[in-house]
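Just so we're on the same page: letters track the sequence lines, and every chain starts at 1.
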2 protein chains.
Amino acid sequence: MPLTPDVELCERWRQLMTRYHDISCALERALSQQHDLGISEFETLDLLVTSPCDKQFVHELQANMHLSQSALSRTVARLEKRGLVTRAMCSNDRRAVTVAPTEAGRRLHAEAAPTHAAILSEHRGDLQSQA
Amino acid sequence: MPLTPDVELCERWRQLMTRYHDISCALERALSQQHDLGISEFETLDLLVTSPCDKQFVHELQANMHLSQSALSRTVARLEKRGLVTRAMCSNDRRAVTVAPTEAGRRLHAEAAPTHAAILSEHRGDLQSQA
DNA sequence: AGACATTACATGCGTGCACATTTATTGTCT
DNA sequence: AGACAATAAATGTGCACGCATGTAATGTCT
């Protein structure tokens with residue numbers, strides 16, 4: 001395969017990088033300053049709170065996140081330490097650990113979600129120019 | 001401003017995150033395994049080699065990269081230690097430092113660029129569905 | 001029951017990053 | 001000329017991440 005030097009593809013990758021970094025930096029900054037939440041922490045909380053189930057397995061969470069298994073483990077640990085989620089061993093399959101948001105977690109998520117949405121809205125242009 | 005809960009915007013952000021992570025992980029893996037270069041290192045080398053000028057200031061590089069000033073400093077330091085770039089104080093403005101690729105740096109870039117392009121090509125679908 | 005592979009999560013280690021601080025140079029104001 | 005603010009880059013610290021590995025529980029095969 002000759003691998004045509006696709007300059008346009010490279011340019012699109014650059015655009016993607018720029019958009020991703022701009023938005024994620026803005027999110028990180030806003031969530032961190034206003035709610036003391038990192039992006040990964042908000043994302044985890046968001047998945048837990050918006051899920052139809054009241055608890056989820058760690059590996060279910062992981063499937064929906066862009067985080068390594070160990071990073072997720074630590075993220076959940078941080079959230080647990082702050083009393084935002086609870087971890088519990090599953091009785092059916094005792095290898096598994098379930099994670100559930102606490103009331104405090106739901107409250108904080110309710111506070112942080114508008115901030116998240118506002119940042120996304122500020123960057124509407126960057127997001128709308130996608131397919 | 002009522003901040004309509006824009007689900008679609010959120011969905012687009014999710015797509016952007018997924019695309020970014022998929023591609024950057026693939027790039028990182030390929031460049032790292034085949035050429036012992038991290039993404040930031042390749043990006044830096046790429047900017048230097050493809051620039052019309054033979055040398056650039058660190059702050060010029062930074063303007064084109066998504067890296068903090070200190071992270072860029074370390075990246076350049078790593079490249080310099082491997083003999084891929086040279087750093088030199090600017091004689092006109094002695095605060096500034098210029099960075100230039102060495103012959104070895106140009107050679108390694110020539111080797112790595114096809115790998116970079118190949119990964120981008122593999123992910124053509126993810127990139128083409130942008131505007 | 002005993003051995004083995006698999007799955008789920010935790011931990012140690014090295015690395016990269018952001019933030020704050022430090023050092024050095026320049027330009028300006030008096 | 002001396003003082004001061006601004007700028008460019010380097011450095012130090014602390015945190016989050018990925019990878020490799022460790023630990024524990026489960027299921028399977030004999």
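Looking at A:S121, its side chain never comes within 3.5 Å of a backbone N or O of A:A117 through a donor-acceptor pair.
Every residue two or more places apart in sequence or in another chain was checked for a ring pair (Phe, Tyr, Trp, His ring centres under 6.0 Å) with B:H35, and none qualifies. Remark: A:S73 engages no residue in a side chain to side chain donor-acceptor pair (under 3.5 Å) (not counting sequence neighbours). In terms of the side chain to side chain donor-acceptor pair (under 3.5 Å) criterion, B:R107 has no residue partners (sequence neighbours excluded). Judged as a ring pair (Phe, Tyr, Trp, His ring centres under 6.0 Å), and not counting sequence neighbours, the contacts of B:H109 are B:F42. Listed by chain and residue number, A:E80 satisfy the side chain to side chain donor-acceptor pair (under 3.5 Å) test with A:R87 (two or more places apart in sequence, or in another chain). Residues forming a side chain to side chain donor-acceptor pair (under 3.5 Å) with A:R74 (at least two apart in sequence, or on another chain): none.
Pairs engaging residues 94-106 of chain A under the side chain to side chain donor-acceptor pair (under 3.5 Å) rule: A:D93-A:R95 [sequence neighbours left out]. Here ring pair (Phe, Tyr, Trp, His ring centres under 6.0 Å) pairs that include residues 61-97 of chain B, with residues two or more places apart or in two chains, are A:H21-B:H66.
With B:V85 as the fixed residue, the side chain to side chain contact (heavy atoms under 4.5 Å, CB included) test singles out one of B:L45, B:T44, B:T75: B:L45.
Contacts between residues 60-83 of chain A and DNA chain C, counted as heavy-atom distances below 4.0 Å, involve A:Q69, A:S70, A:S73, A:R74. If you check residues 85-95 of chain B against DNA chain C, the residues with a heavy atom closer than 4.0 Å are B:N92, B:D93, B:R94, B:R95, listed by number. For the segment residues 20-54 of chain B, residues with any heavy atom less than 4.0 angstrom from an atom of DNA chain C are, sorted by number, B:S40.
Using a 4.0 Å cut-off between a side-chain N of Lys or Arg and a carboxylate O of Asp or Glu, B:K55 and B:E60 do not qualify as a salt bridge. We find that B:E43 and A:R14 are joined by a salt bridge, their nearest charged nitrogen and carboxylate oxygen being less than 4.0 Å apart.
Remark: A:H59 is not in phosphate contact with C:dT7, judged by side-chain N or O atoms under 4.0 Å from OP1 or OP2.
Read 5' to 3', the first and last nucleotides of DNA chain D with an atom closer than 4.0 Å to a heavy atom of chain A are D:dA16 to D:dT26.
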